[in-house]
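One structure below.
Note on naming: letters A, B, ... go to the chains in the order of the sequence lines (proteins, then strands), and numbering restarts at 1 for each one. The shown structure was predicted, so the numbers you read here are calculated from the model rather than taken from an experiment.
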Protein chains: 2
Amino acid sequence: MQSNLPHLQSIFTADCVIFGFSEGELKVLLIERNEYPFKEWWGLPGFFVEHNETIDDAVKRILLEHTGLKGIYMEQLYTFGDLQRHPQGRIITVAYYAMLRLEAIGNNLKPSTDYVRKAQWHPLNHLPDLAFDHKNIIEKSIEKIRRKVSHSPIAFELLPEKFTLTQLQQLYEAIWDKKLDKRNFRKKMLKYNILKELDEKQKGVSYRAAKLYKFDKRKYNKIFKNELNFSK
Amino acid sequence: MQSNLPHLQSIFTADCVIFGFSEGELKVLLIERNEYPFKEWWGLPGFFVEHNETIDDAVKRILLEHTGLKGIYMEQLYTFGDLQRHPQGRIITVAYYAMLRLEAIGNNLKPSTDYVRKAQWHPLNHLPDLAFDHKNIIEKSIEKIRRKVSHSPIAFELLPEKFTLTQLQQLYEAIWDKKLDKRNFRKKMLKYNILKELDEKQKGVSYRAAKLYKFDKRKYNKIFKNELNFSK
DNA sequence: TCAAAAGTGTTGTCCGTACACCCATGA
DNA sequence: TCATGGGTGTACGGACAACACTTTTGA
(Lines give C-alpha, C1' and ligand atoms only; values in the text may rest on other atoms or scores of the structure.)
Protein backbone atom coordinates (compact mmCIF):
# COMPACT_ATOMS: atom_id res chain seq x y z
CA MET A 1 0.00 0.00 0.00
CA GLN A 2 1.16 3.54 -0.61
CA SER A 3 1.07 6.40 1.84
CA ASN A 4 1.08 9.37 -0.54
CA LEU A 5 -2.49 8.90 -1.68
CA PRO A 6 -4.78 11.91 -1.32
CA HIS A 7 -6.79 12.10 1.85
CA LEU A 8 -10.54 11.97 1.31
CA GLN A 9 -13.64 12.24 3.46
CA SER A 10 -17.19 11.27 2.77
CA ILE A 11 -19.72 14.06 3.08
CA PHE A 12 -23.17 12.74 3.81
CA THR A 13 -26.04 12.93 6.26
CA ALA A 14 -27.88 10.50 8.49
CA ASP A 15 -31.62 10.55 9.21
CA CYS A 16 -33.65 8.93 11.99
CA VAL A 17 -37.09 7.39 11.64
CA ILE A 18 -38.42 6.87 15.17
CA PHE A 19 -41.69 5.03 15.62
CA GLY A 20 -43.95 5.15 18.64
CA PHE A 21 -47.36 3.73 19.46
CA SER A 22 -50.14 5.43 21.41
CA GLU A 23 -53.89 5.80 21.29
CA GLY A 24 -54.04 2.79 19.04
CA GLU A 25 -51.99 4.31 16.25
CA LEU A 26 -48.43 4.38 15.02
CA LYS A 27 -46.61 7.69 15.26
CA VAL A 28 -43.38 9.00 13.90
CA LEU A 29 -41.13 11.61 15.46
CA LEU A 30 -40.66 14.76 13.38
CA ILE A 31 -38.80 18.00 13.93
CA GLU A 32 -39.66 21.48 12.77
CA ARG A 33 -36.62 22.78 10.94
CA ASN A 34 -35.10 26.13 11.86
CA GLU A 35 -32.53 26.28 9.06
CA TYR A 36 -32.42 26.40 5.31
CA PRO A 37 -33.06 24.47 3.22
CA PHE A 38 -36.66 23.70 4.13
CA LYS A 39 -36.72 26.18 7.04
CA GLU A 40 -40.04 25.92 8.91
CA TRP A 41 -40.84 22.60 7.29
CA TRP A 42 -41.32 19.36 9.17
CA GLY A 43 -38.77 16.62 8.56
CA LEU A 44 -36.93 13.74 10.10
CA PRO A 45 -34.23 14.32 12.67
CA GLY A 46 -31.07 14.26 10.57
CA PHE A 47 -27.81 16.06 9.91
CA PHE A 48 -24.29 15.77 8.55
CA VAL A 49 -22.09 12.99 9.87
CA GLU A 50 -18.70 14.08 11.22
CA HIS A 51 -15.50 12.69 9.75
CA ASN A 52 -14.40 11.06 12.95
CA GLU A 53 -17.57 9.33 14.04
CA THR A 54 -19.11 6.11 12.84
CA ILE A 55 -22.51 6.32 11.21
CA ASP A 56 -24.02 4.42 14.13
CA ASP A 57 -22.61 6.99 16.55
CA ALA A 58 -23.68 9.88 14.37
CA VAL A 59 -27.37 8.99 14.33
CA LYS A 60 -27.31 8.71 18.11
CA ARG A 61 -25.75 12.13 18.47
CA ILE A 62 -28.09 13.69 15.93
CA LEU A 63 -31.15 12.20 17.57
CA LEU A 64 -30.00 13.48 20.94
CA GLU A 65 -29.38 17.00 19.66
CA HIS A 66 -32.62 17.15 17.74
CA THR A 67 -34.98 15.60 20.25
CA GLY A 68 -33.22 15.05 23.57
CA LEU A 69 -33.65 11.28 23.26
CA LYS A 70 -30.72 9.26 24.52
CA GLY A 71 -29.57 5.67 24.29
CA ILE A 72 -31.92 4.65 21.50
CA TYR A 73 -30.78 1.64 19.50
CA MET A 74 -31.32 2.28 15.81
CA GLU A 75 -30.78 0.00 12.85
CA GLN A 76 -29.70 1.02 9.41
CA LEU A 77 -32.51 1.02 6.89
CA TYR A 78 -31.29 2.18 3.49
CA THR A 79 -29.14 4.80 1.83
CA PHE A 80 -30.92 7.34 -0.33
CA GLY A 81 -29.04 9.12 -3.08
CA ASP A 82 -31.42 10.51 -5.66
CA LEU A 83 -29.85 13.34 -7.60
CA GLN A 84 -32.64 15.74 -6.66
CA ARG A 85 -33.17 14.80 -3.06
CA HIS A 86 -31.18 17.70 -1.60
CA PRO A 87 -31.24 21.26 -3.00
CA GLN A 88 -27.58 21.91 -2.14
CA GLY A 89 -26.27 19.16 -4.41
CA ARG A 90 -26.29 15.40 -4.50
CA ILE A 91 -25.94 14.61 -0.85
CA ILE A 92 -26.72 11.07 0.12
CA THR A 93 -28.31 10.16 3.42
CA VAL A 94 -28.08 6.98 5.42
CA ALA A 95 -31.43 6.37 7.10
CA TYR A 96 -31.83 4.54 10.40
CA TYR A 97 -34.97 3.50 12.22
CA ALA A 98 -36.02 2.57 15.75
CA MET A 99 -39.16 1.73 17.66
CA LEU A 100 -39.65 2.95 21.19
CA ARG A 101 -41.95 3.20 24.17
CA LEU A 102 -43.67 6.45 23.54
CA GLU A 103 -45.40 6.75 26.89
CA ALA A 104 -42.08 6.81 28.73
CA ILE A 105 -41.21 9.96 26.81
CA GLY A 106 -44.46 11.59 25.92
CA ASN A 107 -43.96 15.11 24.73
CA ASN A 108 -40.90 15.64 26.81
CA LEU A 109 -38.77 16.34 23.77
CA LYS A 110 -36.06 18.97 24.05
CA PRO A 111 -33.97 19.90 21.04
CA SER A 112 -30.56 21.29 22.01
CA THR A 113 -29.56 22.72 18.66
CA ASP A 114 -30.60 25.88 16.89
CA TYR A 115 -31.23 23.89 13.75
CA VAL A 116 -34.45 22.61 15.27
CA ARG A 117 -37.42 24.49 16.65
CA LYS A 118 -39.25 21.61 18.19
CA ALA A 119 -39.77 17.87 18.04
CA GLN A 120 -43.19 16.27 18.00
CA TRP A 121 -44.97 12.96 17.41
CA HIS A 122 -47.16 12.76 14.32
CA PRO A 123 -49.64 9.99 13.45
CA LEU A 124 -48.39 8.04 10.46
CA ASN A 125 -51.73 8.40 8.75
CA HIS A 126 -51.72 12.18 8.91
CA LEU A 127 -48.27 13.45 8.10
CA PRO A 128 -47.63 17.05 7.05
CA ASP A 129 -45.62 17.81 3.92
CA LEU A 130 -42.04 16.85 4.62
CA ALA A 131 -38.62 18.20 3.72
CA PHE A 132 -36.35 16.47 1.19
CA ASP A 133 -37.39 12.89 0.38
CA HIS A 134 -38.41 12.20 3.95
CA LYS A 135 -41.87 10.98 3.03
CA ASN A 136 -40.27 8.32 0.92
CA ILE A 137 -37.88 7.37 3.70
CA ILE A 138 -40.74 6.93 6.12
CA GLU A 139 -42.62 4.72 3.68
CA LYS A 140 -39.61 2.48 3.26
CA SER A 141 -39.32 2.27 7.05
CA ILE A 142 -42.84 1.03 7.45
CA GLU A 143 -42.28 -1.70 4.93
CA LYS A 144 -39.19 -2.63 6.85
CA ILE A 145 -40.86 -2.90 10.25
CA ARG A 146 -43.66 -4.97 8.73
CA ARG A 147 -41.15 -7.46 7.46
CA LYS A 148 -39.13 -7.32 10.64
CA VAL A 149 -42.05 -7.73 12.99
CA SER A 150 -42.97 -11.02 11.30
CA HIS A 151 -39.74 -12.61 12.31
CA SER A 152 -38.72 -11.12 15.60
CA PRO A 153 -40.51 -9.70 18.59
CA ILE A 154 -39.52 -6.08 18.09
CA ALA A 155 -43.11 -4.98 18.46
CA PHE A 156 -42.65 -5.15 22.24
CA GLU A 157 -40.29 -2.22 21.97
CA LEU A 158 -43.28 -0.03 21.20
CA LEU A 159 -45.35 -1.00 24.24
CA PRO A 160 -45.10 -0.01 27.88
CA GLU A 161 -43.18 -2.49 29.99
CA LYS A 162 -46.47 -3.84 31.30
CA PHE A 163 -49.24 -4.26 28.77
CA THR A 164 -52.47 -6.14 28.16
CA LEU A 165 -52.97 -8.66 25.41
CA THR A 166 -55.48 -6.34 23.82
CA GLN A 167 -52.89 -3.58 23.61
CA LEU A 168 -50.47 -5.99 22.01
CA GLN A 169 -53.09 -7.04 19.51
CA GLN A 170 -53.95 -3.44 18.68
CA LEU A 171 -50.30 -2.79 18.01
CA TYR A 172 -50.07 -5.64 15.53
CA GLU A 173 -53.29 -4.48 13.95
CA ALA A 174 -51.82 -1.00 13.54
CA ILE A 175 -48.63 -2.31 11.99
CA TRP A 176 -50.41 -4.68 9.62
CA ASP A 177 -53.34 -2.39 9.10
CA LYS A 178 -55.79 -5.26 9.48
CA LYS A 179 -58.02 -6.82 12.12
CA LEU A 180 -56.94 -10.00 13.87
CA ASP A 181 -59.00 -12.65 15.63
CA LYS A 182 -58.81 -12.22 19.39
CA ARG A 183 -58.78 -15.89 20.34
CA ASN A 184 -56.29 -16.94 17.73
CA PHE A 185 -54.04 -14.02 18.50
CA ARG A 186 -53.95 -14.84 22.22
CA LYS A 187 -53.47 -18.54 21.66
CA LYS A 188 -50.56 -17.91 19.38
CA MET A 189 -48.86 -15.30 21.53
CA LEU A 190 -49.16 -17.36 24.69
CA LYS A 191 -47.96 -20.49 22.94
CA TYR A 192 -44.66 -18.82 22.08
CA ASN A 193 -44.12 -18.65 25.80
CA ILE A 194 -42.28 -15.36 25.68
CA LEU A 195 -44.74 -13.43 27.83
CA LYS A 196 -44.68 -13.35 31.59
CA GLU A 197 -48.10 -13.08 33.19
CA LEU A 198 -48.08 -10.61 36.08
CA ASP A 199 -50.20 -10.59 39.24
CA GLU A 200 -51.30 -7.08 38.41
CA LYS A 201 -54.28 -5.83 36.52
CA GLN A 202 -55.06 -2.81 34.46
CA LYS A 203 -56.24 0.22 36.47
CA GLY A 204 -58.53 3.15 35.82
CA VAL A 205 -60.82 1.52 33.31
CA SER A 206 -64.59 1.47 33.65
CA TYR A 207 -64.92 -2.16 32.66
CA ARG A 208 -63.41 -5.46 33.59
CA ALA A 209 -59.69 -4.93 34.11
CA ALA A 210 -57.34 -6.99 31.98
CA LYS A 211 -54.30 -8.90 33.17
CA LEU A 212 -50.94 -7.29 32.59
CA TYR A 213 -48.05 -9.04 30.87
CA LYS A 214 -44.37 -8.41 30.37
CA PHE A 215 -42.17 -9.46 27.48
CA ASP A 216 -39.76 -12.04 28.85
CA LYS A 217 -36.56 -11.48 26.94
CA ARG A 218 -34.68 -14.21 28.80
CA LYS A 219 -37.19 -16.84 27.77
CA TYR A 220 -37.20 -15.47 24.27
CA ASN A 221 -33.46 -15.74 23.91
CA LYS A 222 -33.42 -19.25 25.34
CA ILE A 223 -36.17 -20.65 23.20
CA PHE A 224 -35.74 -19.02 19.82
CA LYS A 225 -32.46 -19.17 18.05
CA ASN A 226 -33.88 -18.37 14.71
CA GLU A 227 -37.22 -17.01 13.84
CA LEU A 228 -40.83 -16.51 14.73
CA ASN A 229 -43.72 -15.59 12.60
CA PHE A 230 -46.09 -12.99 13.94
CA SER A 231 -47.69 -12.04 10.67
CA LYS A 232 -50.74 -14.30 10.37
CA MET B 1 -35.83 27.89 0.60
CA GLN B 2 -32.69 29.92 -0.03
CA SER B 3 -30.49 29.77 -3.09
CA ASN B 4 -27.22 31.08 -1.62
CA LEU B 5 -26.46 27.95 0.33
CA PRO B 6 -23.08 26.33 -0.34
CA HIS B 7 -23.04 23.61 -2.96
CA LEU B 8 -22.03 20.21 -1.62
CA GLN B 9 -21.39 16.77 -3.05
CA SER B 10 -21.18 13.43 -1.38
CA ILE B 11 -17.93 11.55 -1.90
CA PHE B 12 -18.36 7.84 -1.48
CA THR B 13 -17.93 4.51 -3.22
CA ALA B 14 -20.19 1.67 -4.25
CA ASP B 15 -19.28 -2.03 -4.15
CA CYS B 16 -20.84 -5.03 -5.88
CA VAL B 17 -21.26 -8.50 -4.41
CA ILE B 18 -22.14 -10.80 -7.29
CA PHE B 19 -23.07 -14.39 -6.53
CA GLY B 20 -23.00 -17.29 -8.93
CA PHE B 21 -23.57 -21.03 -8.58
CA SER B 22 -21.64 -23.81 -10.30
CA GLU B 23 -20.27 -27.23 -9.49
CA GLY B 24 -22.56 -27.37 -6.51
CA GLU B 25 -21.10 -24.38 -4.75
CA LEU B 26 -21.72 -20.69 -4.37
CA LYS B 27 -19.17 -18.36 -5.89
CA VAL B 28 -18.51 -14.67 -5.65
CA LEU B 29 -17.01 -12.44 -8.31
CA LEU B 30 -13.74 -10.76 -7.32
CA ILE B 31 -11.33 -8.50 -9.12
CA GLU B 32 -7.60 -8.25 -8.78
CA ARG B 33 -6.81 -4.61 -8.09
CA ASN B 34 -4.28 -2.73 -10.18
CA GLU B 35 -4.27 0.49 -8.14
CA TYR B 36 -3.37 1.65 -4.68
CA PRO B 37 -4.54 1.19 -2.05
CA PHE B 38 -4.48 -2.61 -1.94
CA LYS B 39 -2.78 -2.91 -5.32
CA GLU B 40 -2.51 -6.60 -6.31
CA TRP B 41 -5.08 -7.62 -3.72
CA TRP B 42 -8.36 -9.26 -4.47
CA GLY B 43 -11.48 -7.29 -3.71
CA LEU B 44 -15.02 -6.59 -4.73
CA PRO B 45 -15.76 -4.63 -7.89
CA GLY B 46 -16.23 -1.11 -6.55
CA PHE B 47 -15.31 2.51 -7.13
CA PHE B 48 -16.24 6.12 -6.52
CA VAL B 49 -19.73 7.24 -7.47
CA GLU B 50 -19.92 10.27 -9.75
CA HIS B 51 -21.77 13.41 -8.67
CA ASN B 52 -24.30 13.21 -11.45
CA GLU B 53 -25.28 9.57 -11.32
CA THR B 54 -27.63 7.77 -8.98
CA ILE B 55 -26.16 5.07 -6.80
CA ASP B 56 -28.15 2.46 -8.70
CA ASP B 57 -26.64 3.67 -11.97
CA ALA B 58 -23.17 3.87 -10.50
CA VAL B 59 -22.99 0.24 -9.43
CA LYS B 60 -24.07 -0.80 -12.91
CA ARG B 61 -21.37 1.28 -14.52
CA ILE B 62 -18.72 0.11 -12.08
CA LEU B 63 -19.63 -3.53 -12.55
CA LEU B 64 -19.47 -3.10 -16.31
CA GLU B 65 -16.06 -1.42 -16.20
CA HIS B 66 -14.63 -3.91 -13.76
CA THR B 67 -15.98 -7.13 -15.21
CA GLY B 68 -17.69 -6.50 -18.54
CA LEU B 69 -21.04 -7.61 -17.10
CA LYS B 70 -23.99 -5.62 -18.37
CA GLY B 71 -27.63 -5.26 -17.40
CA ILE B 72 -27.34 -6.91 -14.00
CA TYR B 73 -30.04 -5.90 -11.55
CA MET B 74 -28.52 -5.29 -8.13
CA GLU B 75 -30.17 -4.46 -4.84
CA GLN B 76 -28.78 -2.30 -2.13
CA LEU B 77 -27.48 -4.24 0.83
CA TYR B 78 -26.01 -1.93 3.43
CA THR B 79 -23.78 1.10 3.82
CA PHE B 80 -20.44 0.56 5.52
CA GLY B 81 -18.71 3.44 7.23
CA ASP B 82 -16.19 2.22 9.78
CA LEU B 83 -13.56 4.82 10.49
CA GLN B 84 -10.75 2.45 9.54
CA ARG B 85 -12.26 0.77 6.53
CA HIS B 86 -10.40 2.86 3.94
CA PRO B 87 -6.74 3.92 4.28
CA GLN B 88 -7.33 7.27 2.53
CA GLY B 89 -9.76 8.54 5.13
CA ARG B 90 -13.26 7.77 6.24
CA ILE B 91 -14.88 6.92 2.97
CA ILE B 92 -18.19 5.17 3.18
CA THR B 93 -19.30 2.58 0.68
CA VAL B 94 -22.78 1.57 -0.37
CA ALA B 95 -22.80 -2.16 -1.05
CA TYR B 96 -25.12 -3.82 -3.57
CA TYR B 97 -25.62 -7.48 -4.33
CA ALA B 98 -26.94 -9.61 -7.17
CA MET B 99 -27.29 -13.25 -8.07
CA LEU B 100 -26.79 -14.41 -11.62
CA ARG B 101 -26.56 -17.31 -14.02
CA LEU B 102 -22.90 -18.10 -13.94
CA GLU B 103 -22.87 -20.57 -16.82
CA ALA B 104 -24.11 -17.92 -19.25
CA ILE B 105 -20.97 -15.93 -18.49
CA GLY B 106 -18.39 -18.42 -17.41
CA ASN B 107 -14.95 -16.89 -17.35
CA ASN B 108 -15.73 -14.47 -20.12
CA LEU B 109 -15.00 -11.51 -17.89
CA LYS B 110 -13.33 -8.48 -19.45
CA PRO B 111 -12.39 -5.50 -17.32
CA SER B 112 -12.23 -2.29 -19.33
CA THR B 113 -10.45 -0.12 -16.80
CA ASP B 114 -6.81 0.05 -15.80
CA TYR B 115 -7.84 -0.08 -12.18
CA VAL B 116 -8.50 -3.79 -12.55
CA ARG B 117 -6.21 -6.57 -13.76
CA LYS B 118 -8.74 -9.33 -14.02
CA ALA B 119 -12.07 -10.55 -12.73
CA GLN B 120 -12.63 -14.10 -11.53
CA TRP B 121 -15.11 -16.29 -9.69
CA HIS B 122 -14.05 -17.55 -6.29
CA PRO B 123 -15.80 -20.22 -4.19
CA LEU B 124 -17.33 -18.65 -1.12
CA ASN B 125 -15.71 -21.24 1.10
CA HIS B 126 -12.19 -20.48 -0.08
CA LEU B 127 -11.78 -16.75 -0.39
CA PRO B 128 -8.36 -15.10 -0.53
CA ASP B 129 -7.52 -12.20 1.76
CA LEU B 130 -9.54 -9.23 0.62
CA ALA B 131 -9.02 -5.48 0.38
CA PHE B 132 -10.71 -3.02 2.75
CA ASP B 133 -13.62 -4.54 4.71
CA HIS B 134 -14.75 -6.62 1.77
CA LYS B 135 -14.74 -9.87 3.70
CA ASN B 136 -17.23 -8.36 6.08
CA ILE B 137 -19.37 -7.06 3.22
CA ILE B 138 -19.52 -10.52 1.67
CA GLU B 139 -20.56 -12.07 4.97
CA LYS B 140 -23.38 -9.60 5.33
CA SER B 141 -24.48 -10.40 1.78
CA ILE B 142 -24.76 -14.10 2.48
CA GLU B 143 -26.94 -13.44 5.49
CA LYS B 144 -29.06 -11.25 3.28
CA ILE B 145 -29.59 -13.80 0.53
CA ARG B 146 -30.44 -16.46 3.10
CA ARG B 147 -33.19 -14.26 4.45
CA LYS B 148 -34.28 -13.20 1.00
CA VAL B 149 -34.38 -16.66 -0.48
CA SER B 150 -36.86 -17.74 2.21
CA HIS B 151 -39.45 -15.29 1.01
CA SER B 152 -39.02 -14.91 -2.69
CA PRO B 153 -37.85 -17.12 -5.51
CA ILE B 154 -34.62 -15.30 -6.24
CA ALA B 155 -32.69 -18.56 -6.15
CA PHE B 156 -33.78 -19.17 -9.74
CA GLU B 157 -31.60 -16.28 -10.79
CA LEU B 158 -28.58 -18.43 -10.05
CA LEU B 159 -29.58 -21.39 -12.21
CA PRO B 160 -29.52 -21.92 -15.96
CA GLU B 161 -32.81 -21.19 -17.65
CA LYS B 162 -33.50 -24.91 -17.82
CA PHE B 163 -32.60 -26.91 -14.77
CA THR B 164 -33.35 -30.18 -13.01
CA LEU B 165 -34.98 -30.44 -9.63
CA THR B 166 -31.79 -31.89 -8.24
CA GLN B 167 -29.85 -28.84 -9.36
CA LEU B 168 -32.42 -26.64 -7.70
CA GLN B 169 -32.17 -28.66 -4.51
CA GLN B 170 -28.38 -28.50 -4.53
CA LEU B 171 -28.61 -24.75 -4.83
CA TYR B 172 -30.81 -24.46 -1.78
CA GLU B 173 -28.51 -26.83 0.07
CA ALA B 174 -25.55 -24.62 -0.81
CA ILE B 175 -27.32 -21.48 0.34
CA TRP B 176 -28.56 -23.01 3.58
CA ASP B 177 -25.51 -25.15 4.06
CA LYS B 178 -27.61 -28.15 4.98
CA LYS B 179 -29.04 -31.28 3.38
CA LEU B 180 -32.70 -31.38 2.38
CA ASP B 181 -34.99 -34.37 1.86
CA LYS B 182 -35.43 -35.08 -1.85
CA ARG B 183 -39.08 -36.09 -1.76
CA ASN B 184 -40.17 -33.27 0.49
CA PHE B 185 -38.22 -30.74 -1.48
CA ARG B 186 -39.83 -31.80 -4.76
CA LYS B 187 -43.29 -31.97 -3.31
CA LYS B 188 -42.99 -28.49 -1.92
CA MET B 189 -41.47 -26.92 -5.00
CA LEU B 190 -44.01 -28.46 -7.34
CA LYS B 191 -46.89 -27.53 -5.08
CA TYR B 192 -46.04 -23.84 -5.41
CA ASN B 193 -46.83 -24.28 -9.05
CA ILE B 194 -44.21 -21.84 -10.23
CA LEU B 195 -42.21 -24.34 -12.27
CA LYS B 196 -42.97 -25.26 -15.83
CA GLU B 197 -42.13 -28.86 -16.70
CA LEU B 198 -40.46 -29.07 -20.11
CA ASP B 199 -40.56 -31.90 -22.64
CA GLU B 200 -36.80 -31.97 -22.61
CA LYS B 201 -34.40 -34.02 -20.57
CA GLN B 202 -30.90 -33.57 -19.33
CA LYS B 203 -28.16 -34.61 -21.77
CA GLY B 204 -24.68 -35.99 -21.50
CA VAL B 205 -25.03 -37.80 -18.21
CA SER B 206 -24.15 -41.44 -17.74
CA TYR B 207 -27.26 -42.25 -15.77
CA ARG B 208 -30.95 -41.75 -16.08
CA ALA B 209 -31.55 -38.28 -17.48
CA ALA B 210 -33.64 -35.93 -15.37
CA LYS B 211 -36.52 -33.81 -16.58
CA LEU B 212 -35.80 -30.15 -17.16
CA TYR B 213 -37.86 -27.34 -15.66
CA LYS B 214 -38.15 -23.61 -16.14
CA PHE B 215 -39.08 -20.99 -13.59
CA ASP B 216 -42.46 -19.62 -14.65
CA LYS B 217 -42.37 -15.97 -13.68
CA ARG B 218 -45.85 -15.27 -15.05
CA LYS B 219 -47.41 -17.90 -12.84
CA TYR B 220 -45.37 -16.69 -9.92
CA ASN B 221 -46.55 -13.13 -10.30
CA LYS B 222 -50.15 -14.21 -10.66
CA ILE B 223 -50.28 -16.52 -7.70
CA PHE B 224 -48.14 -14.89 -5.07
CA LYS B 225 -48.81 -11.37 -4.00
CA ASN B 226 -47.00 -11.70 -0.75
CA GLU B 227 -44.60 -14.33 0.32
CA LEU B 228 -43.32 -17.82 0.07
CA ASN B 229 -41.21 -19.79 2.40
CA PHE B 230 -38.41 -21.83 0.92
CA SER B 231 -36.37 -22.23 4.05
CA LYS B 232 -37.58 -25.50 5.58
C1' DT C 1 -78.72 -3.27 35.24
C1' DC C 2 -76.18 -1.84 31.58
C1' DA C 3 -72.22 -1.08 28.74
C1' DA C 4 -67.80 -2.38 27.61
C1' DA C 5 -64.21 -5.17 27.12
C1' DA C 6 -62.01 -9.63 29.09
C1' DG C 7 -61.58 -14.15 28.53
C1' DT C 8 -62.19 -18.83 26.67
C1' DG C 9 -62.36 -24.23 23.00
C1' DT C 10 -63.33 -26.97 19.21
C1' DT C 11 -63.01 -28.43 14.61
C1' DG C 12 -61.33 -28.88 9.91
C1' DT C 13 -57.67 -28.12 6.85
C1' DC C 14 -53.18 -27.52 5.37
C1' DC C 15 -48.31 -27.92 5.76
C1' DG C 16 -44.05 -29.93 7.18
C1' DT C 17 -41.49 -33.93 8.28
C1' DA C 18 -39.80 -38.55 8.49
C1' DC C 19 -38.75 -42.31 5.98
C1' DA C 20 -37.03 -46.54 1.69
C1' DC C 21 -37.51 -48.52 -2.48
C1' DC C 22 -37.88 -49.35 -7.61
C1' DC C 23 -36.68 -47.27 -12.24
C1' DA C 24 -34.17 -45.75 -16.32
C1' DT C 25 -29.99 -45.02 -18.48
C1' DG C 26 -25.20 -45.18 -20.28
C1' DA C 27 -20.92 -47.25 -19.70
C1' DT D 1 -25.08 -56.10 -15.36
C1' DC D 2 -23.75 -52.54 -12.71
C1' DA D 3 -23.40 -47.99 -10.89
C1' DT D 4 -25.57 -43.74 -10.60
C1' DG D 5 -28.79 -40.63 -9.70
C1' DG D 6 -34.13 -40.06 -10.98
C1' DG D 7 -38.38 -40.46 -9.29
C1' DT D 8 -42.20 -41.62 -6.15
C1' DG D 9 -46.32 -42.06 -1.33
C1' DT D 10 -47.96 -42.41 3.21
C1' DA D 11 -48.81 -41.41 7.87
C1' DC D 12 -48.29 -38.38 11.84
C1' DG D 13 -48.25 -34.12 14.29
C1' DG D 14 -48.44 -29.19 14.64
C1' DA D 15 -50.09 -24.74 13.20
C1' DC D 16 -53.56 -21.82 11.44
C1' DA D 17 -58.32 -20.12 10.61
C1' DA D 18 -63.05 -19.78 11.44
C1' DC D 19 -66.31 -19.06 14.69
C1' DA D 20 -69.87 -16.99 19.60
C1' DC D 21 -70.82 -16.86 24.10
C1' DT D 22 -70.15 -16.05 29.21
C1' DT D 23 -67.78 -13.26 32.80
C1' DT D 24 -66.28 -9.28 35.23
C1' DT D 25 -66.30 -4.66 36.44
C1' DG D 26 -67.41 0.29 37.17
C1' DA D 27 -70.58 3.69 36.31
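A salt bridge is defined here as a Lys NZ or Arg NE, NH1 or NH2 lying under 4.0 Å from an Asp or Glu carboxylate O, and A:R101 with A:E157 fails to meet this definition.
Rounded to whole Å, atom P of C:dT17 lies 17 Å from atom CZ of B:R186. Rounded to whole Å, atom C1' of C:dT8 lies 12 Å from atom CG of A:L165. The nearest whole Å value for the distance from the CG atom in B:L180 to the C1' atom in C:dC19 is 15 Å. Atoms CE (A:M189) and C1' (D:dA17) sit 16 Å apart, rounded to a whole Å. The nearest whole Å value for the distance from the CD atom in A:E200 to the P atom in C:dA6 is 17 Å. Atom pair B:N184:CG and C:dA20:C1' shows a separation of 13 Å (rounding to whole Å applied). Taking atom NZ on A:K203 and atom P on D:dT25, their separation rounds to 14 Å, with Å as the unit. At whole-Å resolution of the value, CG in A:D181 and C1' in D:dC16 are 11 Å apart.
A sub-4.0 Å separation between OP1 or OP2 of C:dC15 and a side-chain N or O of B:K187 is absent. Within the structure, every side-chain polar atom (N or O) of B:R183 is placed at least 4.0 Å from both OP1 and OP2 of D:dG9. Contact between the side-chain N/O atoms of B:K211 and the OP1/OP2 oxygens of D:dG6 is not found at any separation under 4.0 Å. For C:dG7, neither phosphate oxygen OP1 nor OP2 lies less than 4.0 angstrom from any side-chain nitrogen or oxygen of A:R208. Between B:T166 and D:dG5 there is no side-chain polar atom (N or O) within less than 4.0 angstrom of OP1 or OP2.
When distances run from any side-chain atom of A:Y207 to the nucleotides C:dG9, C:dA5, D:dG6, the shortest one goes to C:dA5. With C:dA27, D:dA18, C:dA6 as the choices, the nucleotide that has an atom nearest any side-chain atom of A:K182 turns out to be C:dA6.
A perpendicular orientation is assigned to the rings of B:F47 and B:H66, their planes being inclined by more than 60° (bins at 30° and 60°). Aromatic ring pairs are classed by plane angle as parallel below 30°, tilted from 30° to 60° and perpendicular above 60°; the pair A:W41 and A:F38 is perpendicular.
Each of B:Q167 and A:V205 was matched to the nucleotide of DNA chain D holding its nearest heavy atom; the match closer to the 5' end belongs to B:Q167.
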Output, in order, the C-alpha distance, side-chain angles, deciding distance and verdict of side-chain contact (heavy atoms from CB on, under 4.5 Å) for A:L69 and A:L29.
CA-CA 11 Å; A:L69 292 178; A:L29 185 51; 3.6 Å; yes
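The residue B:T164 sits apart from the nucleic acid: no heavy atom pair falls under 4.0 Å.
The base of D:dA15 is not paired with the side chain of A:K191 by any donor and acceptor separated by under 3.5 Å. Counting distance only, with no hydrogens placed and no angle test, the side-chain atoms of B:K188 and the base atoms of C:dT17 include no donor-acceptor pair under 3.5 Å.
Results of the side chain to side chain donor-acceptor pair (under 3.5 Å) test with A:K162 over A:Q202, A:Q167, A:E200 single out A:E200 as the only residue that passes.
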